[in-house]
Asker: 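Dropping a structure here in structure tokens format, bear with me for questions.
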Amino acid sequence: MAQNSPAQPALSWTVVGQGAIGLLAASRFKLAGWPVQLWLRQPAPVDICFNQQPLHFAYATVPLTAVLIPVKSYAVLSAVQALLPVLTPDAQLVLSHNGMAATEHILPLLGPAQGLWFITTTHGALKQDATVHHTGQGQSVLAPLNAAAKNQHLAVQQAMDIALGPVKLTDNILPFLWHKLAINAVINPLTALYNCNNGELAKVQYQQQINQILTEVCQVAEAAGYPLQYEKMLEKVQQVIQSTAANFSSMQQDIIHKRRTEIDAINGYIVTQAARYNIAMPFNTQLMQQVLQLQHRTRD
Ligand code: KPL
């Protein structure tokens, strides 16, 4: 990775927040010799230990030219609104979260030369206090969401290859988001409810539930015009369970740390879409309700 990185990156990157995926990306930039800084609610530098290496991240100096925004789906709009006054007129913003990209409120906020992107990733990362582990090799799909992004595609693709690569570039992110949604709809709520790591789900006692969830997700994906082949999808889910076996999913971590989960954007989204097509979703509905109950119990 580091050998292929250009001596002078075209853009200077800022990562928003200090979540596991954001710190994974920031660490990979740093280890590849790229300048990178963090944009946080509390303006202070951050020291972490990444895969046993101590790393120091400065707090962001403005203006910002290229920003990776790996914040939860429900926090994206307010994160972008907070960034707007400190962006350069041609800044590139890359969103990354679980669930569908709800960019209709974000695109109109940007100037004509400000690019918007989405990157979806299956990398596993785990943050425990100030320690970050890359717990699962994954891959990512990156898409430009407006014309200003398409003009900068080489620089952004090169950077995302360092941060969350290997990266595949696409013009249409939606099929990939449905694909990732299917993976998250299985792994995230089950690991949260059973309070286990991703690898635990390979055990025989979870297979029936995995099949039930996935069957429903495939039905609604087909109705929405993004068909997923059940057998292929099951294989992919098993693959992610294996490759991120040591990881605790983001939803399991949200419950443990008494944070709001992304259940609305994952199984909740599936249930809402199914209602539009009059498809019954008993298993996803039950899972959603169970996670919501758990979330209320742990956050009260
Ligand atoms: O996206 C993830 C998450 O935890 O949110 C996976 C890929 C399941 C890795 O844990």
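It should be emphasised that the depicted structure is a prediction, and the values quoted were computed from it without experimental measurement. Just so you know, ligand 1 is whichever comes first in the structure, and atom 1 is the first atom listed for that ligand. Both backbone and side-chain heavy atoms feed into the values below; hydrogens, waters and symmetry mates do not.
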Asker: Pairs of donor and acceptor atoms involving the side chains of residues 108-120, under 3.5 Å and at least two apart or interchain, shall be tabulated with distances.
Answerer:
from: Gln114; atom 1: OE1; to: Gly111; atom 2: N; distance (Å): 2.7
from: Gln114; atom 1: NE2; to: Thr88; atom 2: O; distance (Å): 2.8
from: Trp117; atom 1: NE1; to: Gln92; atom 2: OE1; distance (Å): 2.9

Asker: Keeping to residues at least two apart or across chains, list the salt bridge (Lys or Arg N to Asp or Glu O under 4.0 Å) pairs with something in residues 257-272.
Answerer: Asp254-Arg259, Arg260-Asp264
Asker: Output yes when a side-chain donor or acceptor of His123 lies under 3.5 Å from a complementary backbone atom of Gly138, and no otherwise.
Answerer: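 At least one qualifying donor-acceptor pair exists.
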Asker: Report yes or no: do Tyr269 and Tyr74 belong to one cluster of Ile/Leu/Val/Met/Phe/Trp/Tyr joined by side chain heavy-atom distances under 4.5 Å?
Answerer: no
Asker: Taking only heavy atoms of the protein into account, state which residues are under 4.0 angstrom from an atom of ligand 1, in chain and number order.
Answerer: Asn98, Lys180, Asn184, Ile187, Asn188, Asn198, Asn247, Ser249, Ser250
Asker: CZ of Phe29 to CZ of Phe57: how many Å apart, nearest 0.5 Å?
Answerer: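 Here the rounded value is 10.5 Å.
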Asker: With sequence neighbours left out, which residue pairs that include part of residues 197-212 fulfil the salt bridge (Lys or Arg N to Asp or Glu O under 4.0 Å) condition?
Answerer: Glu200-Lys203
